[in-house]
Amino acid sequence: MTDDHDAAAAMSFIFEAGVLKRAARTGWWFAGVKQPESIAEHSFRTALIGMMLAAMEGADPARVSMLCTLHDTQETRITDIPHIARRYLTAVPNTAVTADQVAACPPAVADVITAAVAEYEAGETREAVVARDADKLECLVQAVEYRHQGIDNVQRWIDSSRAALKTASALRLADAALTGQPLAWLTPPPQSADQPTPARPYRPLTGDL
């Protein structure tokens, strides 16, 4: 296999992953969200949460972020199947979908991706447990944000996501999300009395004093 062929095959998977930027998280439609976040948007924050949870739980942040990034890549082919639909549909395992997606990739690339997906799906390593918690926690956080935006029918997502959490750190973050304000970070903290007064901005002298 030539280097050009390897590159083309790897790029094919990269192009396919781009579909996740356009594919919606379908479960939120039931809650009345007309334009829910994309699968890629969900995966991005899941990876960020996973990195933070890993640091709090003593797991490998880089490995957890990788598992989180790849955990929904199969949905380019099977879409985001709502939870209720799983009563009636039988999808092939995510590991099988991933194997098809990376079959033409360079062996080193295919091995890295398939091993990560298999680890996540098995859910046995500390990193996989943390990554799966990150996925559920991101759903809970998104539900909290939608509730603050006026979407009322999100409690079932909050309840089911919190109930699925395994790590103590994820539970603490979930409780912080439930009592927090999504836009609180926009308000600067109050200045204490012992903090120096900020310098006034420099203004050049002009003829009008």
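When reading the values below, keep in mind they use all heavy atoms of this one structure, side chains included, and skip hydrogens, waters and symmetry mates.
Cluster membership check: Phe44 does not share its hydrophobic cluster with Ile49, using side-chain heavy-atom separations under 4.5 Å among Ile, Leu, Val, Met, Phe, Trp and Tyr. Both Leu171 and Leu53 are assigned to one and the same hydrophobic cluster, defined by single-linkage of ILVMFWY side chains at heavy-atom distances under 4.5 Å. One hydrophobic cluster holds both Leu137 and Val64 under the rule that ILVMFWY side chains link at heavy-atom gaps under 4.5 Å. In the hydrophobic clustering of this structure, Val33 groups with Phe30; members are Ile, Leu, Val, Met, Phe, Trp, Tyr whose side-chain heavy atoms approach within less than 4.5 Å, directly or through other members. Hydrophobic clustering (side-chain heavy atoms under 4.5 Å, transitive across Ile, Leu, Val, Met, Phe, Trp, Tyr) keeps Met51 apart from Val130.
Closest non-hydrogen pair, Pro106 versus Ala10, comes out as CD-CB, 4.1 Å. For Tyr146 against Pro36, the heavy-atom pair with the smallest separation is OH-CA, 3.4 Å. Nearest approach of Ala47 to Thr69, heavy atoms of both residues: CB-OG1, 3.7 Å.
For the pair Glu127 (side chain) and Arg63 (backbone), a donor-acceptor distance under 3.5 Å is absent. For the pair Thr114 (side chain) and Asp111 (backbone), a donor-acceptor distance under 3.5 Å is present. Listed for the Arg132 side chain is a donor-acceptor partner under 3.5 Å among the backbone atoms of Tyr120. When atom types are taken as modelled, the side chain of His71 and the backbone of Cys68 share a donor-acceptor pair closer than 3.5 angstrom. Between the side chain of Arg126 and the backbone N or O of Gly58 there is at least one donor-acceptor pair closer than 3.5 Å. Using a distance-only test at 3.5 Å, with no hydrogens or angles considered, a donor-acceptor pair links the side chain of Ser65 to the main chain of Pro61. A donor-acceptor pair under 3.5 Å links the side-chain atoms of Asp80 to the main chain of Thr26, judged by distance alone. In terms of modelled atom types and a separation under 3.5 Å, the side chain of Glu138 and the main chain of Asp135 share no donor-acceptor contact.
Two residues are said to be in side-chain contact when any heavy atoms from C-beta on lie closer than 4.5 Å; Trp28 and Val154 meet this criterion. With contacts defined as side-chain heavy-atom distances shorter than 4.5 Å, the pair Gln142/His42 does not qualify. Contact check for Glu124 versus Val129: no side-chain heavy atoms found under the 4.5 Å cut-off. Counting heavy atoms from C-beta on, the side chains of Leu178 and Arg147 come closer than 4.5 Å. Considering only heavy atoms from C-beta on, Val141 comes within 4.5 Å of Glu145 through its side chain. In this structure, the side chains of Asp72 and Arg25 come closer than 4.5 Å at one or more pairs of heavy atoms. At least one side-chain heavy atom of Val97 sits less than 4.5 Å from a side-chain heavy atom of Ile78.
Note that CD1 of Ile39 and OG1 of Thr79 are 7.5 Å apart. Values are rounded to the nearest 0.5 Å. Expressed to the nearest 0.5 Å, how far CG of Leu183 lies from CD of Gln149 amounts to 8.5 Å. Atom OG1 of Thr90 and atom CD1 of Ile81 lie 9.5 Å apart (nearest 0.5 Å). Once rounded to the nearest 0.5 Å, the distance linking CE of Met56 with OG of Ser169 reads 4.0 Å.
Taking Ile, Leu, Val, Met, Phe, Trp and Tyr as members and joining any whose side-chain heavy atoms lie under 4.5 Å apart, directly or through other members, the hydrophobic cluster of Ile113 also contains Phe13, Met66, Leu70, Val102, Val109, Val112, Val117.
For Glu37 and Arg45, the salt-bridge test fails: no basic side-chain N is under 4.0 Å from an acidic carboxylate O. Using a 4.0 Å cut-off between charged nitrogen and carboxylate oxygen, Arg162 and Asp175 count as a salt-bridge pair.
Annotation: ring pair (Phe, Tyr, Trp, His ring centres under 6.0 Å) contacts involving residues 80-119, sequence neighbours excluded, are absent.
Between Thr95 and Glu121, the side chains place no donor N or O within less than 3.5 Å of an acceptor N or O (distance only, hydrogens not considered). Residues Thr167 and Asp133 bring a donor and an acceptor atom of their side chains to less than 3.5 Å of each other. A donor-acceptor pair shorter than 3.5 Å can be found between the side chains of Gln101 and Glu16.
Heavy-atom contacts from other residues, nucleotides or ligands closer than 6.0 Å to CZ of Arg156 number 12 or fewer.
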Check step by step if side-chain contact (heavy atoms from CB on, under 4.5 Å) holds for Lys136 and Leu140.
-> CA-CA 6 Å; Lys136 297 300 183 184; Leu140 182 148; over 6 Å; no
